[in-house]
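The structure appears below as structure tokens.
Remember, predicted model here, so these are calculated numbers, not experimental data. When a residue number appears, it is its place in the shown sequence, counting from 1.
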Amino acid sequence: MVAKSLSDIGNKDTKDLLVNVSLSPASGASATTKLLDGVSGKRIVVTSLNEWHVQMAGSADVAASWKSGTTALTGPIRFTNAYDGLTASYMPDGHFKTAAGEDLNLTLTNNSGSSAAIQVDGFLNYYIE
């Protein structure tokens, strides 16, 4: 007999989200954008991050952090090139989850010496549980 993992239990209706946002936090400041609205009594489970790119004119030094409302789900992930990328492969039980009813947010912190706009694009796969 093979034990069932959490990924084998239930019907997970995985959805895709294309993210394309531009934020302009001043040097040393942060800006947050909502990626997904929270669902009352449910959690958002992120199963993969595909082809995420952070672009910033000039000398980039940006930290990205995914959040459940205002609570960090990930530590800051640093992007230090003008066009840096990130991919986190499919994880059926999720890389991270929001608290029930909370929005999924992305916070960008500008650690560079300029206030140039930061462009973020990528795909996010998720389900609601």
Please round to the nearest 0.5 Å and tell me the distance separating atom CG of Asn111 and atom OG of Ser30.
-> 8.0 Å
Considering residues, nucleotides and ligands other than Phe123, do more than 12 of their heavy atoms fall under 6.0 Å from its CZ?
-> no
Pairs flagged by salt bridge (charged side-chain N to carboxylate O under 4.0 Å, His left out) wherever residues 49-66 is involved - sequence neighbours left out | Asp61-Arg78
Roughly how far apart are Tyr127 OH and Thr14 OG1, rounded to 0.5 Å?
-> 7.5 Å
List the steps, then state whether side chain to side chain contact (heavy atoms under 4.5 Å, CB included) holds for Trp52 with Leu124.
-> CA-CA 9 Å; Trp52 280 76; Leu124 177 106; 4.1 Å; yes
At their closest point, which heavy atom of Ala64 faces which heavy atom of Leu106, and how far apart are they?
-> CB-CD1, 4.2 Å
Taken to the nearest 0.5 Å, the spacing of Ile77 CD1 from Leu108 CG works out to 11.0 Å
More than 12 heavy atoms of other groups within 6.0 Å of Lys15 NZ | yes
Heavy atoms, side chains only, cut-off 4.5 Å: are Arg43 and Ser68 in contact?
-> no
Tell me, with the steps shown, if Gln119 and Asn20 meet side chain to side chain contact (heavy atoms under 4.5 Å, CB included).
-> CA-CA 7 Å; Gln119 181 69 33; Asn20 187 339; 2.3 Å; yes
Asp121 versus Gln55: any side-chain heavy-atom pair under 4.5 Å?
-> yes
Please answer whether the main-chain N or O of Gly69 pairs with a side-chain N or O of Asn105 as donor and acceptor at a distance below 3.5 Å.
-> yes
Who passes side chain to side chain donor-acceptor pair (under 3.5 Å) against Lys34, sequence neighbours left out?
-> Asp37
The residue among Leu35, Thr98, Thr107 that forms side chain to side chain contact (heavy atoms under 4.5 Å, CB included) with Trp66 is Leu35
Any residue meeting side chain to side chain donor-acceptor pair (under 3.5 Å) with Thr47, in chain and number order, not counting sequence neighbours = none
Is there a donor-acceptor pair under 3.5 Å between the side chain of Ser112 and the backbone N or O of Ser114?
-> yes
Report the distance from atom CG of Asn125 to atom CE of Met91, rounding to the nearest 0.5 Å.
-> 13.0 Å
Take Ile44 and Ile128 through the side chain to side chain contact (heavy atoms under 4.5 Å, CB included) test and state the conclusion after the steps.
-> CA-CA 5 Å; Ile44 300 167; Ile128 306 294; 3.7 Å; yes
Could you tell me whether the side chain of Ile118 reaches within less than 4.5 Å of the side chain of Pro25, counting heavy atoms only?
-> yes
State the CG-OG distance between Asn50 and Ser89, to the nearest 0.5 angstrom.
-> 7.5 Å
Stepwise, does the side chain to side chain contact (heavy atoms under 4.5 Å, CB included) test hold for Phe96 with Leu104?
-> CA-CA 10 Å; Phe96 48 84; Leu104 177 65; 4.1 Å; yes
